[in-house]
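What you see below is based on every heavy atom in this structure, not just the backbone, and it leaves out hydrogens, waters and symmetry mates. Heads up: numbering here begins at 1 and tracks the sequence.
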Amino acid sequence: MEEYMELVVGCYEQVLFGYRVHREGEQWLSSADFTHHAHTASLSVVAVNNRFVATGSKDETIQIYDMKKKVEHGALLHHNGTITCLQFYGNTHLLSGAEDGLICVWNTKKWECQQTFKAHKGQVLSLSIHPSGKLALSVGTDKTLRTWNLVEGRSAFIKNIKKNAHIVQWSPSGDKYVVVIHDKVDVYQLETAAVIGTINNPKRISSVQFITDALIAVAGDEEVIRLYDTASQKCVCEFKAHENRVKNLHVFELEETHIVVSSSSDGFVKMWGIDTEKVKTPPSLLCEVSTSARLTCLSVWLPSAVDHKEEANRDVTASTVKDCDRPKKKMTQSKTAENKEAGETQVIHKKRKLETKQKKKKPMK
């Protein structure tokens, strides 16, 4: 079977680009595969599972693209304001967050909104699903870090963090997570819900991605990508990746090789090979693509391997997640009113028929 993947990138020009990348011997080759122009404003976020690509935009819609049939699948209309974050959990659910302060849990079989959380008093800026699928974290413009119990469909706890964080992300194992505030990355331990260290980056951070639990890639408002050790919070490697500032990072593992994909204001998307045994050695450039567009978001579609890591982590992290509802650090319980549903969900299906569906409160399985 041919080994290939799709680099999917969105831009200010309202278009989603797809570039097929495959390996021939030691070389990685790229070719333009598709363009999808479904939005009426610039794209803000993109997410993938092994069947679909979901894009969010300033036009307040989520567009779904079928990667296997290479056709538009439909649109999800629920949010008011720019869609700020999207993340799939396997092939069953999609979580979305927006400027309206809502987080929606979508069932990807029927594309129905199962649950709506009034997540933040301001905008939702970032969300992250635990590898077990039982928890999610979110940060917003109300200076809080919130934990959501996705099994019971409720808020677990709220932590006041004094400043607005713009990125939150779980580690691959789910044992720790990071919260980014301007140029600082706070590393938290799940078991204690306490900060165990802080990474200080020279510039404001635009993107972070765990490579392993012990290694994290950080990009800021500059041309450089830095690799940090999460235990010591020391920079172990830095390299010039682009001619202009790096906007987005995406990390995945293919045949035991860690690959970092970066996109930049210079219009280039690049793939870097990371040798975790020699982290002090600058990574090798595997492939690059020039889009000639002003890029805003990035992801990578893998035909079959995208869910393997999630499946492997579910059983391993179950006991740790169970303890998370009893954090040692005192948290403020959220009001139950914040979990009420917030209106009706509209879904535009493939044939472009508009249906209005009442949301169903079902726990995420």
Side-chain angles (χ1 to χ4, degrees), residues 1-10 16-36 43 45-56 63-71 73 85-95 108-109 128-133 169-174 207-213 215-217 248-263 269-276 283-289 291 295 297-314:
M1 182 180 174
E2 183 190 17
E3 184 179 287
Y4 79 98
M5 67 202 71
E6 294 266 359
L7 307 179
V8 288
V9 288
L16 178 71
F17 297 100
Y19 294 90
R20 176 175 286 223
V21 178
H22 68 280
R23 184 156 61 182
E24 288 187 3
E26 296 299 315
Q27 285 190 317
W28 290 87
L29 305 176
S30 64
S31 59
D33 189 34
F34 72 90
T35 58
H36 183 224
L43 277 69
V45 62
V46 60
V48 304
N49 67 4
N50 67 5
R51 177 66 185 270
F52 298 105
V53 173
T55 54
Q63 298 287 340
I64 309 299
Y65 187 75
D66 189 321
M67 284 297 290
K68 293 188 177 178
K69 296 181 179 179
K70 294 295 172 63
V71 295
H73 189 74
C85 38
L86 292 170
Q87 187 179 350
F88 280 100
Y89 182 73
N91 295 317
T92 59
H93 293 86
L94 170 70
L95 265 64
T108 59
K109 302 299 181 185
S128 184
I129 305 172
H130 190 272
S132 69
Q169 189 175 112
W170 288 102
S171 68
S173 72
S207 184
V208 299
Q209 288 282 308
F210 277 96
I211 299 171
T212 65
D213 265 42
L215 191 65
I216 191 169
N248 300 99
L249 297 175
H250 185 86
V251 172
F252 65 98
E253 191 175 348
L254 190 65
E255 293 185 346
E256 300 182 354
T257 299
H258 295 276
I259 297 175
V260 175
V261 185
S262 60
S263 65
V269 182
K270 298 184 180 183
M271 287 174 49
W272 307 91
I274 306 291
D275 187 345
T276 54
S284 56
L285 178 62
L286 304 178
C287 179
E288 65 178 26
V289 172
T291 66
L295 303 178
C297 51
L298 161 73
S299 193
V300 177
W301 182 76
L302 302 172
S304 59
V306 72
D307 301 313
H308 288 180
K309 191 174 291 186
E310 287 176 348
E311 293 288 344
N313 280 326
R314 285 178 189 173

Can you tell me how far the [atom1] atom of [X] sits from the [atom2] atom of [Y], to the nearest 0.5 Å?
{"X": "I129", "Y": "Y89", "atom1": "CD1", "atom2": "OH", "result": "8.5 Å"}
{"X": "I274", "Y": "H258", "atom1": "CD1", "atom2": "NE2", "result": "9.5 Å"}
{"X": "L16", "Y": "T55", "atom1": "CG", "atom2": "OG1", "result": "6.0 Å"}
{"X": "T276", "Y": "E253", "atom1": "OG1", "atom2": "CD", "result": "8.0 Å"}
{"X": "C287", "Y": "H22", "atom1": "SG", "atom2": "NE2", "result": "9.5 Å"}
{"X": "K270", "Y": "L286", "atom1": "NZ", "atom2": "CG", "result": "12.0 Å"}

Please examine the side chains of [Y] and [X], heavy atoms only from C-beta on, and report whether any two atoms are closer than 4.5 Å.
{"X": "Q63", "Y": "L43", "result": "no"}
{"X": "F17", "Y": "V8", "result": "no"}
{"X": "M271", "Y": "L7", "result": "yes"}
{"X": "V260", "Y": "Q209", "result": "no"}

Original post:
For the residue pair Y65 and F34, does the interplanar ring angle fall in the parallel (under 30°), tilted (30 to 60°) or perpendicular (over 60°) class?
Top reply: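 Ring orientation, 0 to 90° scale: parallel.
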Minimum heavy-atom separation for [X] and [Y], please, with both atom names.
{"X": "V261", "Y": "L298", "result": "O-CD2, 3.5 Å"}
{"X": "R20", "Y": "E6", "result": "N-OE1, 3.7 Å"}
{"X": "L86", "Y": "G56", "result": "CD1-N, 3.5 Å"}
{"X": "Q169", "Y": "S128", "result": "CA-OG, 3.6 Å"}
{"X": "P172", "Y": "F210", "result": "CD-CB, 3.5 Å"}

Subject >> Test log, rule side chain to side chain contact (heavy atoms under 4.5 Å, CB included), inputs Q87 and H93 >> reply: CA-CA 9 Å; Q87 187 179 350; H93 293 86; over 6 Å; no
Examine distances only and state if a side-chain atom of [X] and a backbone atom of [Y] form a donor-acceptor pair shorter than 3.5 Å.
{"X": "E24", "Y": "L29", "value": "no"}
{"X": "W301", "Y": "N49", "value": "yes"}
{"X": "S299", "Y": "V46", "value": "no"}
{"X": "S171", "Y": "D213", "value": "no"}
{"X": "T108", "Y": "N91", "value": "yes"}
{"X": "H73", "Y": "I64", "value": "no"}
{"X": "Y4", "Y": "L302", "value": "no"}

Subject >> F88 and F52 aromatic centres sub-6.0 Å >> reply: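 Ring centres of F52 and F88 not closer than 6.0 Å.
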Original post:
Can you list the steps and then say if L295 with N248 is a side chain to side chain contact (heavy atoms under 4.5 Å, CB included)?
Top reply: CA-CA 9 Å; L295 303 178; N248 300 99; 5.7 Å; no
